[in-house]
Every structure is written in structure tokens, then in C-alpha cells.
Amino acid sequence: MNTTKLETKNYNLFYGNFHALRDISMQIPEKKVTALIGPSGCGKSTFLRTFNRMNDLIAGVRTTGEVYIDNKDIFSIDPVALRQNVGMVFQKPNPFPKSIFDNVAYGPRVTGMRDHKKLEEIVESSLRSAALWNEVKDDLAKSGLALSGGQQQRLCIARALAVQPSVILMDEPAASLDPIATLKIEDLIHDLSQNYTIVIVTHNMQQAGRVSDYTAFFYTDDTRTGRLVEFDETNTIFTNPKDQRTEDYITGRFG
Amino acid sequence: MINDKPISRFQNDSTMMKNLKVRNTTQSIWFSIMWIAGFATLVVLLLVVGYVIVQGGKVINWEFLTTPPRGGLSGDGGISTTLGTTVYLVGLTLLIATPLGIGAAIYLIEYAGEQGLTSPVMRVVISITNFAVETLAGIPSIIFGLFGYALFVSTLQFGWSLLSASLAGACLVLPTIIRTTEEALLTVPDDYRRGSLALGATKWQTLHKVVLPAALPGIITGIVLSVGRIISETAVFFVTLGGSHRLPTSIMNGGRTLALHLYYLAMDTNAFDKAMGTGAVLVVLIILINLSINVISTKLTAKVRGG
């Protein structure tokens, strides 16, 4: 198997008294796309937010178990530093009410970069990597909010890339987009996986099948506590799942 | 034919058509009533403003605006020094109230909520603070005047001065600034905050690079509203600013604002025309301020939204 980039061992998460994730142990390989699938409320988005510690911002969240990035305990890393290494793209495109340039330059600027020449280079290369450069190169001063939904989401991806992370977390990045914009995002995810470790939450089975190398199936029963049922190469999950519940889910029998 | 039944029922049912007529008539009556109410409000407003401006307009000329009042019981002279005092007082009051008010609102919205979630003591402190701000906003302004007189004029011995008046005025407008800033911060989507934090920005960077710029139109509206409040306030400054008709030369000097001058003219002199003239200037100032709020917030909002 490949090098492990992210790893959890017996990871549990509680919202107050509610046990949201139980005993998740998983190894996410480097420079691959890993899809997290499962029915609504099974905790896959919560699990995703573990890796950039965005759950820390939610009151009453408590965790047990171990989480590693590059074999380093993520709870020993300052969350601000961790988030520079682990970027995130949200379900709803959320560009800042700033120009396209300022959106992409935001990350480098908060880390202290002032050199305008360098910022210009980073903005261009990030927008190129996010397959947006050709559409916006002539109006970088235009507001990011003036772009279409699909373009906004690629702008958000460019913004995340500009910080030069090694991991990108995507929380249903195409959920609010039309089919053509969705395809563009999926192509982009595929291209990005050459250089980045990507973890994507999706509700869309076909999407998981199209973009990911590995798939993790999360499931929850009546207790609403999320568990990892099965984790394997996407091919295996979709053609030869070991668990009956995985098979039922991917064949559309529930969820 | 049998299949047409739902459609024919809809077209031919005479009770249904009658009903529709009644419903449409009811609607017309209510719309008329509301139209009259709206129109009446407009007429009253125009009458008040029109009367003051027409009456006051008779004495307003360049000389009126640029000569100082002579003082005493004659009511002679213009309003130049009171305009100056008003500007000084607005400036000084905002200098005190704006940073305090914006700071308090930021704390209450961006930081306190978080602390309140983890500490029950903080939760109590926050709800008391919020309640206090609301109560302050509803207190009659003369109370702020009395407080200002007792504390600043008398106990701290600042006397009747710009300093006393602006400190008391700051207490008066603080709730306005805090409330409008809080509302402006609450309208900033959490998506912006999360987006910024996820890029490795600190909470402070998120606040001053993303949240505050997005909230700016609302914050500026609050400040401009406060300007209007200070310009039109009399009770607070009556007991803290004194009544000198001269232009203050330091913050320890007293003076009189336009509104105070209007009060003195109307109550102590026979120069009712001059009072009207001063009133007209006040009304025009307030109108200009309200217009500027509209222009500023439309422009800034368009900029923020990326129009």
C-alpha cells in the first residue's frame, strides 16, 4: 500500500453527551482521493473536520483516540499551523467579499507575505491549478462574488491551494452546483490528486466512483452514532463489498 | 365530458365567482386604507418640515450663518459659533463613543458568545451586559444629562465644558453604536469566518480582514445615526455644556450647540424668527445626514457584495 498521510486510531467524538463517532480507525493514503460516503447524519462531515480541527470551534465537542498527520499527533500542532497544511473546501462556495486576486492572496497574506510580485505568481499558479485562470485572468480585480457558483467553488479551491497545503478536505464540494460545474470540479479533483492528498465527503455515489481511489463507508443505526463500516479501494467497495450494508447502500437500497 | 368535470366546476361555479368578487373588494378597501395612512404620514411630515424651512428660510442668509450670536436677551446675530460648537461636540463625542461602542459590540458578538458556552459565569455577565445596553437605549436623555452633570461637571470638576458634554453624550449614543454594530456583525455569514479560519488565519486576522470590512456599512450607519442624535439632543447638553454663545477654544470651555441655541432663542428671547431659522438649519442638517446614510450604505454594500 501507499504512504499513510492521515491516520485515526480508535477515534471517538462527542457533541456534549451525544456519541457522534465511534471507534474510527482508518489510514488515508498520501496523494490519493479518498471518498467518505454514507447516509445523512452518519458523521462523515464531522469526521472530515477532525483533520483540520474545525470541530474545535464547535462548543461541547470532545474527542478520544488518536489522530495523526505524517505520523504527528494533530492535537500537538497549533490549529492555525495545522490549517495551513490542511486546506478545506466547503459545501457552499464561500468566497470573501473581496476581489478575485485578494481572495486567492488571502492565505499567503495572513501568513505574512507582502511581496507583491510573489503574490501575483502564487495567485496565477493557484488559479491555474484550480482551472480558473483562463476565465478570470483579465478581471482579477472583479469581486469573487460576481462569479458563477461553479467558478466561485473553483476560486475557493484556488484560495485553499495558495496556502500550499498538502491535504485538501472537501465537504460535498459540488452539492450546490449544476451538472456541468460538477464535472469540472470532479476533473479538477482528479488532477489535484497528483500533488495533494484529498479527502472528499459526498452524497453522490457516482461521484465517489468517478473521483476517488479509496472509499470509506460510514453508517449509523438508530443510536445515530456514526461508525466506519468498510474502507477499501473504491473499485472493491463498488464491485465486491464485504459488508451487506455497504452493498445495500451503494446499490441504492437505502440512504 | 365526465373527464372535464374539475374544469367545468372551476369555470361555472357562480358562488366561487361571487366569492372572488367579495375577496377582491375586501382587498381594495384595505389597500385604500393603508394608502391613506401612508399618504397622511407623508403630508404631516412635509407640513412640519415645510413649515420650519419656509418660516426659517426668511432669516437664513450668508450673514446669519457666518456671524456669531450677540447673546443676551436680544437674540441678535447669527449662528456661526453654535455651528462650530456642534461640530466640535459631534467630533469629540464620536471620538469617545465609537471605539468603545465598536469594541464592546465586537466583544459581545465575536468573543463573549464563545466564552459563554464554556463558562456559566460569563453567560450571566453577557446577558446582564446585553440587558444593560437595551435599557440604556430606552432611558430618557435627561437622565444621561443628570448623570453627566453629577459626575463630570460637578464631581470631577470638568465644569460646563465640551469635555463634560461629550462624555455625557458618549453615554447617550453608546447603545446606538453597540446595537447597530452588533446587528452588522450578526449579518456577516459564518461561512466567511469558517473560510478564513480554515485558511490558517487567526481569529483576530479573520475579524479585521474579513468580518469587519463586511460589517462596515452597518457600523457606519450606526455612527452617522449617532451624529444625528448628538446634533438634535438638547437635554443632555443643557446641563453639561452650559450656554456660552462663544466658540469654545479648548475642551474645558462650554458653549451651545445649534439645538441648545434654538432652545435659548425660543425661551429667553423674542427672536422667534431666529429660532425658526436655527430650526431650519437643524432640519436640513438632519435630512442631509439621513441622505448620506442611504448613499454610504448603498455604495458600501454594493462594494461588499461585489456589484
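Lettering follows sequence order; numbering is per chain, from 1.
Atom NE2 of A/H19 sits in a crowded spot, with more than 12 heavy atoms from other residues, nucleotides or ligands closer than 6.0 Å. Around CD1 of A/I180, the count of heavy atoms belonging to other residues, nucleotides or ligands within 6.0 Å does not exceed 12. Atom NZ of A/K92 has 12 or fewer neighbouring heavy atoms from other residues, nucleotides or ligands inside a 6.0 Å radius. More than 12 heavy atoms of other residues, nucleotides or ligands shown are found within 6.0 angstrom of CG on A/D115. Other residues, nucleotides and ligands contribute at most 12 non-hydrogen atoms within 6.0 Å of the OH atom of B/Y88.
Atom CD in B/Q205 sits 12.5 Å away from atom CZ in A/R109 (nearest 0.5 Å). Atom CZ of B/R194 and atom CG of A/L57 lie 9.0 Å apart (nearest 0.5 Å). A distance of 12.0 Å separates CG in B/L197 from CE in A/M88, rounded to the nearest 0.5 Å.
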**Item:** Candidate pair A/K98 and B/V210, rule side-chain contact (heavy atoms from CB on, under 4.5 Å), full reasoning
**Value:** CA-CA 9 Å; A/K98 298 175 182 291; B/V210 178; 4.3 Å; yes
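Remark: the backbone N or O of B/D191 is paired with a side-chain donor or acceptor of A/N94 at under 3.5 angstrom.
For the pair B/L199 and A/F96, the minimum side-chain heavy-atom distance is below 4.5 Å. A heavy-atom distance below 4.5 Å is found between the side chains of B/Y192 and A/P97.
Contacts of A/V86 with chain B are made by backbone atoms alone, with heavy-atom separations under 4.5 Å and no side-chain atom involved. Only the side chain of A/V163 comes within contact range of chain B, with at least one heavy atom under 4.5 Å from a heavy atom of that chain. Only the backbone of A/P95 comes within contact range of chain B, with heavy atoms under 4.5 Å apart. Residue A/R159 touches chain B through both its backbone and its side chain, counting heavy-atom pairs closer than 4.5 Å.
For A/N52 against B/A198, the heavy-atom pair with the smallest separation is ND2-CB, 4.3 Å. For the residue pair B/S196 and A/Y106, the shortest heavy atom distance occurs at OG-OH, 2.6 Å.
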